[in-house]
Amino acid sequence: MANSAALLHSLPSTASTPRLRRRASATQLAPSAGLFCRRPTFAARPMASAMTAALADASAPPGLNEGIAGLYDESSGLWENIWGEHMHHGFYDSGEAADMSDHRRAQIRMIEEALAFAAVPDDPANKPKTIVDVGCGIGGSSRYLANKYGAQCRGITLSPVQAERGNALAAAQGLSDKASFQVADALEQPFPDGQFDLVWSMESGEHMPNKRKFVGELARVAAPGAKIIIVTWCHRNLAPSEDSLKPDELNLLKKICDAYYLPDWCSPSDYVKIAESLSLEDIKTADWSENVAPFWPAVIQSALTWKGLTSLLRSGWKTIKGALVMPLMIQGYKKGLIKFTIITCRKPQAAIEGEETAIASPSIE
């Protein structure tokens, strides 16, 4: 999908050469409530009182998929022109200053950190051989993983422009036989059950209107024993005494949602609860917000260059609107409201009888 958040949502940040690898520790989170912020005219609301209704809404709100596709059709060329083929954050050591000349290294490090956190094997006997990239952008992660593992990679995006560009880049890099891209909905993936031994979603979950169905589809297409990696934007977990986020937090997130075609937000612990309900195993999460902190200031810095400004003005209104909201992302991170989260888990090796059906068609209680 074109689902690595809006153009500037994925804009790689600039990173200096990684020094000490201080990987964020994994945390098992208790279930909590979350937030809903729908696009285009949906009000933010507390997940505690609306979670069941929202998760039961399996289809995208009217115009959502078209809006996401249009945003990425419009903005992906600008993104690639300034930042390159990887449409996601970079990973930095906590407290490290970003170097604009080294942003690609930080993006590649993000991929490697995610693989390491999930303990994806790289030995010849156990390394992934089939991979799906859900919300693939122009295919940067897919091509990297295809090269790294010698795997067959399939990428899906809502954006025809992204799919076409991903295939063109695969051909140019001699990877047409290993990486291919198509237009498809992450909530209705065009793949049979159990096809992939690594399921990858780098910054696409925030675009999904039904988080349970999203995770259910990731689990459905995963082979028994396959690793599932979700890197996504979340809002903070609620305190035990809270029923909802604070009004100023809801207002801030709604402004971001309106610019980036984001539907329902949820918390890291909501993802854990969904994964547990689908009988997925080895569930881990970590908050990498500090490790991506240099990203948005670097994006703003690049947008203020002559090349960035002229490219932005040519790209269209959706992209310009996204650029104007970038300072709100920084504000959200500084307030501790927005959490850059990784969630990893594993599909059971031997599915219990009836479990495959439950994963393929998750029930809504």
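Because the structure is a prediction, the values reported are computed rather than measured. The analysis underlying the following values was restricted to heavy atoms, covering all of them including side chains, and did not include hydrogens, waters or symmetry mates.
Here NZ of Lys148 is found 12.5 Å from SG of Cys153. Values are rounded to the nearest 0.5 Å. The distance from atom CG of Leu115 to atom CG of Leu198, rounded to the nearest 0.5 Å, is 7.0 Å. Interatomic distance, Ser159 OG to Arg165 CZ, rounded to the nearest 0.5 Å: 12.5 Å. Atom CD1 of Ile228 sits about 11.0 Å away from atom CG of Asp282, to the nearest 0.5 Å. In this structure, the separation between NZ on Lys211 and CH2 on Trp265 is 9.0 Å, given to the nearest 0.5 Å. Interatomic distance, CD of Glu113 versus CD1 of Ile108, reported as 12.5 Å (0.5 Å rounding).
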- Item | Asp248 and Lys335: CA distance, side-chain angles, deciding distance, salt bridge (Lys or Arg N to Asp or Glu O under 4.0 Å) verdict | CA-CA 11 Å; Asp248 63 313; Lys335 287 168 63 76; 3.0 Å; yes

- Query: Can you check side chain to side chain contact (heavy atoms under 4.5 Å, CB included) on Tyr149 and Ile131, steps first, answer last?
  - Reply: CA-CA 10 Å; Tyr149 296 117; Ile131 301 171; 4.1 Å; yes

- Message: Apply salt bridge (Lys or Arg N to Asp or Glu O under 4.0 Å) to residues Asp93 and Arg109 and explain how you reach the verdict.
- Response: CA-CA 10 Å; Asp93 288 319; Arg109 186 179 176 190; 3.0 Å; yes

- Item | Derivation and outcome, side chain to side chain contact (heavy atoms under 4.5 Å, CB included), residues Asp258 and Ile256 | CA-CA 5 Å; Asp258 287 345; Ile256 294 170; over 6 Å; no

- Test side chain to side chain contact (heavy atoms under 4.5 Å, CB included) applied to Gln331 and Leu337, step by step: CA-CA 9 Å; Gln331 184 180 344; Leu337 169 61; over 6 Å; no

- Message: Determine whether Lys213 and Glu188 satisfy the following criterion, salt bridge (Lys or Arg N to Asp or Glu O under 4.0 Å), listing intermediate values before the conclusion.
- Response: CA-CA 9 Å; Lys213 188 170 185 183; Glu188 299 287 346; 2.4 Å; yes

- Go through the steps to decide whether Ile111 and His88 satisfy the test side chain to side chain contact (heavy atoms under 4.5 Å, CB included), and finish with yes or no. CA-CA 9 Å; Ile111 296 173; His88 58 80; 3.8 Å; yes

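Within the 3.5 Å criterion, the main-chain N or O of Cys266 finds no donor-acceptor partner in the side chain of Asp270. Checking side-chain atoms of Arg143 against main-chain N and O of Ile138 turns up a donor-acceptor pair under 3.5 Å. Counting only distance, with no hydrogens or angles, the side chain of Asn167 and the backbone of Ala163 share a donor-acceptor pair below 3.5 Å. Checked by atom type and distance alone, the side chain of Asp193 never pairs as donor or acceptor with a backbone atom of Val221 at under 3.5 Å. Distance alone, capped at 3.5 Å, is enough to place a donor-acceptor pair between the Thr232 side chain and the Glu206 backbone. Distance alone, capped at 3.5 Å, places no donor-acceptor pair between the Ser142 side chain and the Gly140 backbone. One N or O on the side chain of Glu242 and one on the backbone of Ala239 form a donor-acceptor pair closer than 3.5 Å.
Across all non-hydrogen atoms, the minimal contact from Arg236 to Lys339 is CA-CG, 3.9 Å. Here the shortest heavy-atom pairing between Cys345 and Leu280 reads SG-CD1, 3.7 Å. The minimum heavy-atom distance linking Thr344 with Ala118 is given by the pair CG2-CB, 3.7 Å. The two residues Ser204 and Phe214 make their nearest non-hydrogen contact at OG-CZ, 4.3 Å. Nearest approach of Ser244 to Leu250, heavy atoms of both residues: OG-CD1, 4.0 Å. The two residues Ala186 and Met208 have their closest heavy-atom pair at CB-CE, 3.4 Å.
Between Arg212 and Ser277 the shortest side-chain heavy-atom distance falls below 4.5 Å. At least one side-chain heavy atom of His235 sits less than 4.5 Å from a side-chain heavy atom of Leu253. Ile342 places none of its side-chain heavy atoms less than 4.5 Å from the side chain of Ile230. Between Val120 and Ile229 the shortest side-chain heavy-atom distance falls below 4.5 Å. Within the 4.5 Å cutoff, the side chain of Val215 has no heavy atoms near those of the Ile343 side chain. Counting heavy atoms from C-beta on, the side chains of Met87 and Met202 never come closer than 4.5 Å. Counting heavy atoms from C-beta on, the side chains of Trp200 and Cys136 never come closer than 4.5 Å. In this structure, the side chains of Ile283 and Tyr271 stay at 4.5 Å or more apart for every pair of heavy atoms.
Annotation: ring-ring contact (aromatic ring centres under 6.0 Å, His included) contacts of Phe181 (sequence neighbours excluded): none. Looking at residues two or more places apart in sequence or on another chain, you find a ring-ring contact (aromatic ring centres under 6.0 Å, His included) between Phe196 and Phe191. Listed by chain and number, the residues in a side chain to side chain donor-acceptor pair (under 3.5 Å) with Asp177 amount to none (sequence neighbours excluded).
Side-chain contact of Gln152 with Thr130: a donor-acceptor pair under 3.5 Å is absent, judged by distance alone. In this structure, a donor-acceptor pair under 3.5 Å is present between the side chains of Tyr144 and Glu112. No donor-acceptor contact under 3.5 angstrom links the side chains of Gln189 and Arg220, judged on distance only. In this structure, a donor-acceptor pair under 3.5 Å is absent between the side chains of Ser141 and Asp133. Judged by distance alone, the side chains of Ser269 and Ser267 do bring a donor and an acceptor atom under 3.5 Å apart. A donor atom on one side chain and an acceptor atom on the other are not found under 3.5 Å apart for His89 and Gln107.
Using a 4.0 Å cut-off between charged side-chain N and carboxylate O, Lys347 and Glu281 make no salt bridge. With salt bridges taken as basic N to acidic carboxylate O contacts below 4.0 Å, none links Lys127 and Asp123.
The environment of Lys129 atom NZ is dense: over 12 non-hydrogen atoms of other residues, nucleotides or ligands sit within 6.0 angstrom. Within 6.0 Å of CD in Gln173 there are more than 12 heavy atoms belonging to other residues, nucleotides or ligands.
Cluster membership for Leu278 and Leu187, using ILVMFWY side-chain heavy atoms within less than 4.5 angstrom, is shared. The cluster map of Ile, Leu, Val, Met, Phe, Trp and Tyr, joined by side-chain heavy atoms under 4.5 Å apart, puts Tyr333 and Leu328 in the same cluster. Under the 4.5 Å side-chain contact rule for hydrophobic residues, Phe91 and Ile330 share a cluster.
Aromatic ring centres of Trp233 and Phe340: separated by at least 6.0 Å.
Judged by a 6.0 Å distance limit and a 45° cone about the ring axis, Lys284 is positioned over the six-membered ring of Phe117.
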